[in-house]
Each structure stands twice: as structure tokens, then as C-alpha cells.
Amino acid sequence: MRFVDEFRDPAAARSLLAVIEAQSDRLGRAFHFMEVCGGHTHTIYRHGLEHLLPEPIQFVHGPGCPVCVIPMGRVDDAVWLAGQPGVIFTTFGDMMRVPGTQGSLLQAQAAGADVRFVYSPLDALKVARDNPDREVVFFAVGFETTAPSTAVTLVRATALDVRNFSVFCNHVLIEPPLRAILDSEELVLDGFVGPGHVATVVGSRHFDFIPHEYALPIVVTGFEPLDILQAVEMLLAQYQTGRCEVENQYARVVRDIGNPAALALMEEVFEVRESFEWRGLGFIPRSGYAISDAYARFDAERRFAMPSIRVADPPACECGIVLKGLIKPWQCKVFGTACTPETPIGTCMVSPEGACAAYYNFGRLTRQTK
């Protein structure tokens, strides 16, 4: 890739759409493709791809927004940590406004807590080195995409012997929630637009279980409009030719084997939890990372006596079933009224990758189901 404009070229988009239209006509049936990653959701609705595709092809939103899947109880733990004496709490900016039962980190900051947003966990480690008399906690969230940066930071903290730094680990794995969705009888799917960023770490082979065990195709996909249109064309082509496999549309970035160095480092620094709670999906076995015993001194959950209370989502919020792909954001009864980006009730309206934020920000406030 030389220029991003190559992947937003209108003439190329029209050519792809013509091919997709012809494929759709030949196949003569409806298709429901789940885009797993929130980055895909925003590309789809920013560029209006759902309006350009033939009527029988629908996108279903998946659980790939790392902020959206964090349950309220973990947010409450973060707010509690931020309020402890002598603590500097560091986090990515999109976690600042996520609401818990005790408010958000932004509200905790306004009330006097020392909450700082950072661009990477290494920035948080620098805060710890610059403030040796304070406890610095980093709020680690994200799928396998961001877990390597946390792992690198803990290795660096060990090398520098930083003793006032810890991580509140909320990293999650991509395979378990996909299995939970595929095992559900509530949702009918015909294939997946696969998460390109996660696949840069885990590799495209990581998703072999989808065609092999569930007989559905998946195309690992980039994040520009032409990437997604090509992924749809590739999924339809599999149906036309009777294939069912993992294909890699994002070959300019993703390899079959992923990033072996990152995977090895993650295996050293993390261990898989017996279970982890997901917003909307409940507790899923072996779906989250904890810090391994070798790096236990950097584990905030071992360093602090955290409340760790399970909290139900607000009754009005339907983020959970949005994340399952069972409803569109505008079908939530508080979407765009009580719940907006300025006054979010649920995580899907907060995160830059949240489906509700995508619909709200790009004008899809009301839309009839196809």
C-alpha cells in the first residue's frame, strides 16, 4: 500500500459492487455476515457501505470492540483503584468515559482522583519512574492486538526494577466469544469479516476452527472501504464455488502464523484465566488473560484488595444484545435519547469502536430492518 486513497477509490468500489451485485443475483438468497471488529463497523457506517450493498446482504455487529466488552464490575474496580490514596491511575482515553455504578474515571478525575490518559503502557511506566513515591496503575484492556504492548512494558519494568508500577489486566482473547456466539441458537450467520488487527498477532490460521467446526467461511480483512467490499466479494465467491475456508484479504499486513515473537512474549507474561466476564455474554471459560506468577509483583489484583463485585448492566442499556448481533443499535430504546456520546449509558456508545457510537456519529439514527 502506498496511499490510503487507493483503498477509497470510487471507480474501484463501483467495480467491486457490480461483481457483488452479480454474485448476489446468482446466489439468490440473503446473507448475514458478522464484522467482528469495531473498526470494521465504523468503516461500514462512516462510508455508507450498508446502503451500497445489495438488499440481501446484511452486516451483523460482533463483540470485537475491546472497550465495549468490559463489564461494569471491572469499571467499578478501576474507579475504586483510582480513588486509593497515593495512586496515579493511567488508562487509554476511550476508557475515561465508560460508566460504572460509581461513575466513570472522568468523573473520578473531576472529583480529585489522579487519573491520566496515556497512549501506551510504556507511557504509564514512565509516569511511575517519574513519580517514585506514588503507586502507578495501568488499566490494560484489549484483545490480543494490544496485549503484546502490555507484555513488553512488564518486561521493561522488570529490567528497570520499577517497584511502584502495576497493571490491572483486562486483556481478552478473540476465540472464546466467537465460539460462544457460534454455539448460540439465537443468531443465524453465513460468515465472518475477520478481525485484521487481532490477526496481525495471532495469524489467520487462528480462525481455522470457524470453517472446520462450524462450516462457515471467514475472510480476515483490512479496515478501508475497498477492503471490506472485497471481503464481501470473497465470502460470496466461497459460496458460489462451494468452498468454506479462512481467506486472508489483509495479506499486506497479516501472515498465516501471525507474530511469533509477540505470541511468545504473551505466553511468558500472561496466563489464561479459568473464566472472565464479558458484557452481554456473561462468564466465558478461558477467555481472558491474567498476569503470570513470574510477573506477579506487577499485578494490581494481587497488590490491592479490590472489591471485584459483579454488577448487572443498567436495565435500560441493551449493549449486551448489540454485542451479540441480535439487534441494531437504533433498536435500543434509549439510543440517541437518554444514551448519547455525551451522556452514555453503555459502553457501545462510548468507544470509538462501539457500534452505537458508529450509528450515532454517522447519522444512522433511524433505519428500518431490511
Side-chain angles (χ1 to χ4, degrees), residues 31-53 57-72 75 92 94-95 97-99 141-143 145 172 174 177-178 180-182 184 186-189 191-198 221-225 227-228 231-232 278-281 313-314 316-370:
F31 288 92
H32 296 81
F33 296 137
M34 174 175 279
E35 83 274 6
V36 176
C37 183
H40 289 143
T41 303
H42 273 251
T43 297
I44 289 166
Y45 293 103
R46 178 181 180 185
H47 295 278
L49 300 186
E50 86 283 15
H51 293 305
L52 298 176
L53 288 168
I57 299 173
Q58 295 188 44
F59 289 114
V60 179
H61 316 311
C65 165
V67 172
C68 303
V69 301
I70 300 298
M72 290 191 77
V75 177
F92 294 140
D94 54 0
M95 289 303 302
R97 293 187 299 112
V98 176
V141 300
F143 287 89
T145 313
V172 290
I174 191 63
L178 292 181
I181 286 171
L182 287 164
S184 169
E186 298 175 279
L187 185 63
V188 176
L189 292 174
F192 289 89
V193 176
H197 288 155
V198 169
T221 307
F223 293 87
E224 293 300 324
D227 289 326
I228 293 173
V232 171
W278 293 63
R279 184 177 290 246
L281 296 172
D313 289 340
C317 176
E318 296 185 281
C319 274
I321 53 178
V322 169
L323 291 169
K324 290 180 181 178
L326 296 175
I327 67 170
K328 300 288 188 181
W330 56 267
Q331 293 174 302
C332 175
K333 54 185 172 289
V334 294
F335 173 81
T337 55
C339 186
T340 69
E342 291 74 32
T343 58
I345 294 176
T347 52
C348 295
M349 188 61 90
V350 176
S351 171
E353 294 190 13
C356 296
Y359 270 72
Y360 189 94
N361 291 330
F362 302 123
R364 275 56 161 192
L365 302 183
T366 59
R367 176 154 183 244
Q368 297 303 311
T369 306
K370 290 182 180 180

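Residues: numbered from 1 along the sequence shown. Worth saying up front: this structure is predicted, and the values here are computed from it rather than measured.
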For Ala180, does its backbone N or O pair with a side-chain atom of Ser184 as donor and acceptor, under 3.5 Å?
no
Identify the heavy atoms of Pro344 and Met349 that sit nearest to each other, and give their distance.
CB-CB, 4.3 Å
Can you check whether Val98 reaches Ile70 side chain to side chain, under 4.5 Å on heavy atoms?
no
Is a donor on one side and an acceptor on the other found under 3.5 Å between the side chain of Arg97 and the backbone of Pro341?
yes
Could you grab the distance from atom CE of Met34 to atom CD1 of Ile181, nearest 0.5 Å is fine?
4.0 Å
Spatial distance of atom CG (Leu189) from atom CG (Leu178) [nearest 0.5 Å]:
10.0 Å
Which pair of heavy atoms, one from Ile327 and one from Cys332, lies closest together, and at what distance?
CD1-N, 4.1 Å
In short, Pro63 meets Leu281 closest at the heavy-atom pair CB-CD1, 4.4 Å
Taking all atoms of both residues into account, what is the closest heavy-atom pair of Ile228 and His40, and its distance?
CD1-O, 3.8 Å
His61 and Tyr45 aromatic centres sub-6.0 Å:
yes
Side chains of Phe59 and Leu53: closer than 4.5 Å at any heavy-atom pair?
yes
Taking all heavy atoms of Trp330 and all of Tyr359, pick out the closest pair and write down the distance.
CD1-CE2, 3.3 Å
Atom pair CZ (Phe335) and SG (Cys317), whose distance is rounded to the nearest 0.5 Å:
12.5 Å
Note, Leu49 side chain near Pro225 side chain (heavy atom, < 4.5 Å):
yes
Ring centres under 6.0 Å, that's the criterion: do His197 and Phe223 meet it?
yes
Between His42 and Ala355, is there a donor-acceptor pair closer than 3.5 Å when you use the side chain of the first and the backbone of the second?
no
Scanning both residues in full, the closest heavy-atom pair of Cys348 with Cys68 reads CA-SG, 3.7 Å
